[in-house]
Amino acid sequence: SEAAAEGLRWKAYDPAKLADAEWKLSLLGRLDAAIDSGEVWVAYQPQLDVRTGRLCGAEALVRWSHPEKGAVSPMEFVLAAEQHNRIDKLTAFVLGDAIKTAAAFQARGITFDVAVNISARLLERPGLVSLVRQQLADARLPPERLTLEVTESAALTSGRASIRTLEEIGSLGINVSIDDYGTGFSTLEYFKRIPATEVKIDRSFIAALDRNASDRLMVHSTIELAHSLGRTVVAEGVETPEILAELTNLECDKIQGYFIGKPMKLEELTKLIVNQEQAVAA
Ligand code: C2E
Ligand code: MG
Ligand code: MG
Ligand code: MG
């Protein structure tokens, strides 16, 4: 009908949407060059081992310092890169940086783990496993120092090919973490099916953990379930000492969040970790 056509035309010419699409395409057009020039870089957010009270590793989080727009969120350009099949080079870059970082600590005699976010799309296609294996070999990093994070929703909808990829990754000795856990619709069956070594509870359950009974119940039961299946648990988004204390009581294994440290430059992380080692040695 004419009204429907009118609606369509209005949608097609929505200036905000058009500007957004143009912005994303212009970003993607510059992505590879930005990786090569250093505009795109990797930040590291430390993780605390609750039992030892020491920083034991970090999550690699990609950053884009755009010359005109300033800091562009990975929520924008990672998603756009996924949608336009441009995620391969970006992922190889972040993986390479993270693996070199862990290897550099290893060379100083420091055992340090790194975690890298992997888009669901990359699990569906061959190539990821051989890339990771090659990078580990080049850096001489033991596979158990590396964790690949896959979001719960991605893992949930993944077909046989993705499950196979995760199994291959696991058989190499690389850890697999289910990121943003709790935001999908997990079942016990799913828990058994996904070959993961770690569960990372989503920030939305952690933020009010000390005040919200149902969040506490969810976190408590997730930790019990994961432990009974031999998996470790990480809590993300820990912002206060009260929440850290709560998670310690619940026997959560690892903690990540602003209370421990914000995502930072590698130099800053290195100072932090080297200082910690010296303090322990002293
Ligand atoms: P994520 O993997 O769940 O990462 C956690 C996000 O929470 C990060 O946002 C981190 O900066 C933020 N965060 C950490 N601690 C706290 C806290 O205490 N409070 C609050 N409010 N926020 C906290 P960021 O760096 O903006 O990354 C957003 C998402 O972008 C990530 O979520 C991940 O899904 C994606 N991402 C980032 N880097 C990469 C990458 O290299 N590859 C892929 N595929 N995705 C990436
Ligand atoms: Mg993550
Ligand atoms: Mg997460
Ligand atoms: Mg998240």
Side-chain angles (χ1 to χ4, degrees), residues 27-28 31 34-35 39-48 55 57-65 70-99 101 113-125 128 131-132 135 146-155 162 175-184 196 198-210 219 222 233-244 246-247 252 254-266 268-269:
L27 272 181
L28 287 183
L31 180 62
I35 292 170
E39 269 175 45
V40 171
W41 56 281
V42 180
Y44 291 91
Q45 185 174 32
Q47 293 184 340
L48 181 87
L55 303 178
E59 179 177 9
L61 292 160
V62 72
R63 295 288 177 264
W64 189 338
S65 306
V72 184
S73 166
M75 302 290 243
E76 284 192 61
F77 67 92
V78 171
L79 198 70
E82 281 173 6
Q83 285 163 348
H84 292 86
N85 222 353
R86 298 285 303 284
I87 198 72
D88 296 63
K89 179 169 169 149
L90 184 65
T91 304
F93 168 69
V94 178
L95 264 170
D97 201 277
I99 287 171
T101 294
D113 299 340
V114 285
V116 176
N117 295 286
I118 299 293
S119 302
R121 294 205 163 198
L122 286 175
L123 299 177
E124 293 162 9
R125 296 187 274 118
L128 178 69
L131 171 76
V132 176
Q135 288 189 340
L146 177 66
T147 299
L148 300 185
E149 296 191 1
V150 185
T151 61
E152 185 189 26
S153 52
S162 305
N175 303 293
V176 173
S177 181
I178 304 172
D179 201 354
D180 300 341
Y181 183 83
T183 56
E198 180 183 280
V199 173
K200 194 167 189 181
I201 303 176
D202 191 65
R203 197 169 76 212
S204 57
F205 298 96
I206 304 298
L209 185 65
D210 51 340
V219 172
T222 299
V233 182
V234 185
E236 67 175 18
V238 177
E239 294 187 355
T240 68
E242 290 79 18
I243 292 172
L244 171 57
E246 197 70 54
L247 287 161
C252 186
K254 290 192 272 176
I255 300 290
Q256 186 180 336
Y258 294 167
F259 181 64
I260 307 300
K262 289 200 169 174
M264 58 185 81
K265 293 223 162 81
L266 176 58
E268 208 181 322
L269 176 79

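Order of listing sets the numbers, starting from 1, for every ligand and every atom in it.
Ala60 approaches Val42 most closely through the heavy-atom pair CB-CG1, 3.6 Å. Contact between Pro74 and Arg63 at its shortest, heavy atoms only, is CG-NH1, 3.7 Å. Nearest heavy-atom pair, Ala43 versus Pro263, reported as atom, atom and distance to 0.1 Å: CB-CB, 3.9 Å. In terms of heavy atoms, Thr147 sits closest to Glu198 at CG2-OE2, 4.3 Å. Smallest separation of non-hydrogen atoms from Glu82 and Arg121: O-NH1, 3.2 Å.
Only the side chain of Glu236 comes within 4.0 Å of ligand 1, counting heavy atoms alone; its backbone N, CA, C and O stay farther away. When heavy-atom distances to ligand 1 are checked against a 4.0 Å cut-off, Val78 comes that close only through its side chain, counted from C-beta outward. Of all the heavy atoms of Asp202, none lies under 4.0 Å from any atom of ligand 1, so neither backbone nor side chain is involved. Of all the heavy atoms of Leu90, none lies under 4.0 Å from any atom of ligand 1, so neither backbone nor side chain is involved.
Metal site remark for the Mg ion (ligand 3): Glu149 contributes no N, O or S atom at a distance under 2.8 Å. With 2.8 Å as the limit, Asn117 counts as an N, O or S neighbour of the Mg ion (ligand 2).
Nearest to the Mg ion (ligand 2), among the N, O or S atoms that Glu59 has, is OE2. When the Mg ion (ligand 3) is compared with the N/O/S atoms of Asp179, atom OD1 turns out nearest.
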Requested in this report: I would like to know whether Leu48 and Phe259 meet side-chain contact (heavy atoms from CB on, under 4.5 Å); could you show each step before the answer?
Outcome: CA-CA 10 Å; Leu48 181 87; Phe259 181 64; over 6 Å; no
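For the residue pair Glu59 / Gln45, no side-chain donor-acceptor distance below 3.5 Å is found, with atom types taken as modelled. Using modelled atom types, one finds no donor on one side chain facing an acceptor on the other under 3.5 Å when comparing Thr222 with Tyr181.
More than 12 heavy atoms of other residues, nucleotides or ligands lie within 6.0 Å of NZ in Lys89, so this atom counts as buried by the packing criterion.
Without hydrogens or angle criteria, Asn175 side chain to Leu146 main chain gives a donor-acceptor distance under 3.5 Å. Listed for the Gln256 side chain is no donor-acceptor partner under 3.5 Å among the backbone atoms of Glu236. Between the side chain of Thr240 and the backbone N or O of Ile243 there is at least one donor-acceptor pair closer than 3.5 Å.
Of the candidates Asn117, Thr91, Leu122, Asn117 brings a heavy atom nearest to atom 2 (O) of ligand 1. When the options Glu149, Gln45, Arg121 are ranked by their closest heavy atom to atom 14 (C) of ligand 1, first place goes to Gln45.
Atom numbering of ligand 1 starts at 1 in the shown order; those under 4.0 Å from a heavy atom of Glu239 are 17 (C), 18 (O), 19 (N), 20 (C), 21 (N). For ligand 1, the atoms closer than 4.0 angstrom to any heavy atom of Met75 are 28 (C), 29 (C), 30 (O). The atoms of ligand 1 that sit less than 4.0 Å from any heavy atom of Asp180 are 3 (O). Distances below 4.0 Å separate heavy atoms of Gly257 from the following atoms of ligand 1: 15 (N), 18 (O). When each atom of ligand 1 is checked for a heavy atom of Gly237 under 4.0 Å away, the hits are 16 (C), 17 (C), 18 (O).
Polar contact check, Arg203 against ligand 1: a nitrogen or oxygen pair lies under 3.5 Å apart. At least one N or O atom of Arg63 sits closer than 3.5 Å to an N or O atom of ligand 1. Remark: ligand 1 and Pro263 share no N or O pair separated by less than 3.5 Å (distance only, no angle test). The N/O atoms of Ser119, backbone and side chain alike, include one that comes under 3.5 Å of an N/O atom in ligand 1.
A 4.5 Å side-chain heavy-atom check between Trp41 and Leu266 finds every atom pair outside the cut-off.
Lys200 does not count as a contact of ligand 1, since none of its heavy atoms falls under 4.0 Å from the ligand. Ligand 1 lies within reach of Glu59, whose nearest heavy atom is under 4.0 Å from it.
Geometry at the Mg ion (ligand 3): OE1/Glu236 and OD1/Asp180 form an angle of 120°, nearest 10 degrees.
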